[in-house]
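For reference, the structure discussed in these notes is given below.
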Amino acid sequence: MEKILNVEEIFAENVFTLGKMRERLPKNIFKAVKRVMDHGGELSLADADVVAKAMKDWAVEKGATHYTHWFQPLTGITAEKHDSFVAQPDENGKMLMEFSGKELIKGEPDASSFPSGGLRSTFEARGYTAWDMTSPAFIKESGTGVTLCIPTAFCSYTGEALDKKTPLLRSMEAVSVQALRIVKLFGNTTAKKVVASVGPEQEYFLVDKDKYLQRKDLIFAGRTLFGASAPKGQEMEDHYFGVIRERVGAYMKDLNEELWKLGVTAKTQHNEVAPAQHELATIYESANVAVDHNQVVMEAMKRVAIRHDLRCLLHEKPFAGVNGSGKHNNWSLGTDNGVNLLDPGMTPNENIQFLLVLACILKAVDTHADLLRQSASDVGNDHRLGANEAPPAVISVFLGEQLEDVVKQLVETGMALSSIEGGKLETGVSTLPELEKDATDRNRTSPFAFTGNKFEFRMVGSADSIASPNTTLNAIVAEAFCEAADRLEKVAPEKFEEAVHDLIKEYLTKHQRIIFNGNGYSDEWLAEAERRGLPNIKSMVEAVETLTTDKAVKLFEKFGIFTKAELESREEILYETYAKTINIEALTMINMASKQILPAVIKYTKTLADTVVAVREAGAAADVQADLLKEASTLLEEAKKALEVLKREDTKAASMPQGKEQAFYYKDAVKEAMTALRTPIDALEMIVDKEAWPLPAYGDLMFEV
């Protein structure tokens with residue numbers, strides 16, 4: 001009989017939690033650790049030695065032989081270099097297991113091969129990883145054995161951030177400092193910090209391993225570069241929330257168990273809209289831990305899939321013609337004494353602190369819509385945004401009827417005297433209970449939607465780290481809070497309430513253009529957005545330059561989140577990433593077309609031609625076969641010409657100096673040539689004998705799991 005899974009028993013069993021630290025550390029050392037975690041500062045080396053020994057002893061008891069500083073370089077994925085606990089044997093030859101405070105606090109991975117965007121020369125190899133005490137260490141079990149993973153930040157020898165975590169931590173401190181100024185103005189003097197919390201929803205596809213291995217495009221690019229539509233896609237909408245298939249259910253069960261052991265609060269699982277597409281959502285955590293855990297989730301999804309003879313696809317658009325995958329980033333702010341700054345309460349029109357926070361966020365999003373759009377930019381996400389399966393590339397804010405009505409009252413009269421109530425939802429069935437009805441519906445087409453007590457940033461790509469979106473969100477809101485606090489702190493107490501009302505009205509009036517509650521997929525909205533002057537940045541490569549505008553540099557440098565040099569380095573890396581990604585896809589298409597598809601079609605047309613000859617020699621008409629041969633031959637010739645064009649354009653692009661011009665050439669010329677090659681090949685797939693076609697079809701990939 002299968003052992004009953006007790007989630008409470010296994011949860012976080014592979015995490016060096018605060019509880020385990022409290023059990024294993026002397027009280028004074030634990031207090032020192034907790035103080036640094038809560039208020040910053042550094043541990044003494046002596047205290048770090050004690051923590052390191054306790055952490056090592058716990059890990060060894062769990063079977064660990066190695067440790068690694070687990071970090072998040074600008075590749076967008078995680079990195080790790082494993083060192084064993086093995087130390088020099090004693091004089092009797094007995095093996096010793098050691099781990100010092102110095103090894104815990106600092107590591108020195110070779111930084112030369114990680115993207116630095118010109119911050120470091122290739123020959124300058126030294127980089128440092130620094131222990132992030134705010135994110136707990138954990139045990140990873142894999143083919144290499146059991147490894148203690150220590151979350152760390154990663155910087156260069158000269159101190160620049162070479163990772164995604166360091167700017168995120170800086171932004172969290174910035175928004176905390178500025179938000180505290182706001183809450184103190186409203187009398188909350190006991191709060192010591194404000195925490196940005198995040199709950200990501202991760203979408204993904206599952207395909208059979210054997211079919212995956214027959215597709216070079218899935219292996220090298222993570223998405224299908226060729227493929228005709230299957231007879232059935234998502235038209236019937238029967239996959240969404242449908243019954244989970246046995247094989248997928250077994251995968252989800254194992255994934256949940258692994259994540260729970262790692263302290264990840266895997267909460268919701270279901271089938272998504274597209275066939276073979278699914279979703280996993282986690283509970284809110286501090287932004288830093290949520291970012292780390294989302295990386296853990298993506299790694300675990302891939303690792304567990306292998307055990308089930310599956311492959312997990314995290315690309316934003318693995319299949320043309322059906323919905324791709326995103327990652328909704330649910331973001332909120334709360335004080336350490338339990339106040340959610342985004343909770344409007346029962347009567348939001350009377351909640352002045354909430355209205356000021358809301359006005360500041362609207363100001364931030366309107367002022368820096370370009371940066372927020374850039375934070376969700378990705379090569380794969382270009383296929384999804386604005387394609388009626390994800391929000392448009394135009395940033396807008398959905399508030400819902402209730403808040404929109406409050407804003408309208410404030411803008412028109414300076415006062416909001418009423419608030420729309422939700423009421424009851426009557427089902428018309430006597431045996432069903434009455435349901436409390438929210439005052440506002442949801443809007444799935446909005447990029448940035450208020451959903452009760454949080455904002456849902458719905459543009460993020462499924463394969464992306466959520467560090468960049470949250471770094472940007474924290475930064476732009478910190479700036480808005482700072483500017484509001486600068487003004488309100490100068491106001492005399494007796495005039496404070498009037499000054500707050502005036503500031504709210506000013507912000508809402510000036511920035512109400514960012515509010516849109518309608519259908520973001522409609523052409524009418526895009527035209528209206530243009531009339532409002534909202535930016536419409538349609539691709540990743542067009543969004544890159546927003547990082548280094550004077551406005552962006554001023555924002556990030558003011559709060560110490562990025563230096564200008566760090567922003568310029570990221571700009572260079574993004575251009576390079578775009579070019580390399582399209583180059584890999586183009587070369588993969590060339591390889592598949594040259595070595596698999598065109599030879600198979602040539603062989604098929606020869607067989608067809610032989611059939612035509614044989615039928616005619618037998619005295620019968622061969623009109624059908626001849627027509628099919630002509631169609632296939634015409635498409636084959638078209639594909640051959642398109643292949644030569646793609647080879648020529650990709651060679652030209654690859655020979656250009658790296659940077660903006662090269663990236664745009666890949667976007668404008670190489671991608672167009674890729675589309676021109678795909679079109680006739682997808683048409684050929686529809687007429688060539690299935691037994692002769694060298695690739696598993698969409699139907700095989702999406703429906704046979």
Under 3.5 Å, is there a donor-acceptor pair between the side chain of [X] and the main chain of [Y]?
X: Thr129; Y: Gly107; answer: yes
X: Thr367; Y: Ala364; answer: no
X: Lys192; Y: Thr190; answer: yes
X: Lys164; Y: Ser465; answer: no
X: Asn340; Y: Asn453; answer: yes
X: Asp132; Y: Thr134; answer: yes
X: Arg307; Y: Arg303; answer: no
X: Asn330; Y: Pro200; answer: no

Is there side-chain contact between [X] and [Y], with at least one heavy-atom pair below 4.5 Å?
X: Thr282; Y: Lys267; result: no
X: Phe455; Y: Ser332; result: no
X: Glu568; Y: Glu572; result: no
X: Glu557; Y: Lys564; result: yes
X: Leu280; Y: Asn256; result: yes
X: Trp70; Y: Thr152; result: no
X: Tyr251; Y: Met301; result: yes

With sequence neighbours excluded, residues passing side chain to side chain donor-acceptor pair (under 3.5 Å) with Asp83: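 Counting only residues at least two positions away or on another chain, Asp83 forms no side chain to side chain donor-acceptor pair (under 3.5 Å).
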Side chain to side chain donor-acceptor pair (under 3.5 Å) partners of Ser462, counting only residues at least two apart: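 Ser462 satisfies side chain to side chain donor-acceptor pair (under 3.5 Å) with no other residue.
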No-hydrogen, no-angle side-chain donor-acceptor test under 3.5 Å, [X] and [Y]:
X: Ser100; Y: Glu103; answer: yes
X: His69; Y: Lys81; answer: no
X: His328; Y: Glu203; answer: no
X: Glu456; Y: Asn329; answer: no
X: Thr451; Y: Lys454; answer: yes
X: Asp292; Y: Gln72; answer: yes
X: Arg373; Y: Ser377; answer: yes
X: Ser569; Y: Glu160; answer: no
X: Ser171; Y: Asn474; answer: yes
X: His82; Y: Glu80; answer: yes

Residues Arg570, Glu566: salt bridge by 4.0 Å N-O rule: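 Between Glu566 and Arg570 there is no salt bridge, as every charged N stays at least 4.0 Å from the carboxylate O atoms.
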Lys660 bridged to Glu545 by N-O distance under 4.0 Å: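 Counted as a salt bridge, because a side-chain N and a carboxylate O are separated by less than 4.0 Å.
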If you measure from [atom1] on [X] to [atom2] on [Y], what distance do you get to the nearest 0.5 Å?
X: Ile10; Y: Glu258; atom1: CD1; atom2: CD; value: 10.5 Å
X: Phe481; Y: Ile476; atom1: CZ; atom2: CD1; value: 10.5 Å
X: Asp49; Y: Phe99; atom1: CG; atom2: CZ; value: 10.0 Å

[X] atom [atom1], neighbour heavy-atom count above 12 within 6.0 Å:
X: Lys558; atom1: NZ; answer: yes
X: Lys62; atom1: NZ; answer: yes
X: Lys551; atom1: NZ; answer: yes
X: Asn28; atom1: CG; answer: yes

Under 30°, 30 to 60°, or over 60°: which ring-plane class applies to [X] and [Y], parallel, tilted or perpendicular?
X: Phe154; Y: Phe71; result: tilted
X: Phe16; Y: Trp58; result: tilted
X: His278; Y: Tyr204; result: tilted

Distance-minimising heavy-atom pair for [X] and [Y]:
X: Leu168; Y: Thr471; answer: CA-OG1, 3.2 Å
X: Glu279; Y: Glu201; answer: OE2-OE1, 3.4 Å
X: Val15; Y: Pro136; answer: CG1-CB, 3.7 Å
X: Ala266; Y: Leu259; answer: CB-CD1, 4.2 Å
X: Met459; Y: Arg384; answer: O-NH2, 3.1 Å

Worked check of side chain to side chain contact (heavy atoms under 4.5 Å, CB included) between Asp57 and Val60: CA-CA 5 Å; Asp57 290 345; Val60 170; 5.8 Å; no
Stepwise side chain to side chain contact (heavy atoms under 4.5 Å, CB included) check, Val194 with Val339: CA-CA 9 Å; Val194 173; Val339 178; over 6 Å; no
Chi angles and distances behind the ring-ring contact (aromatic ring centres under 6.0 Å, His included) call for Tyr666, Tyr578: CA-CA 8 Å; Tyr666 271 108; Tyr578 188 92; 7.7 Å; no
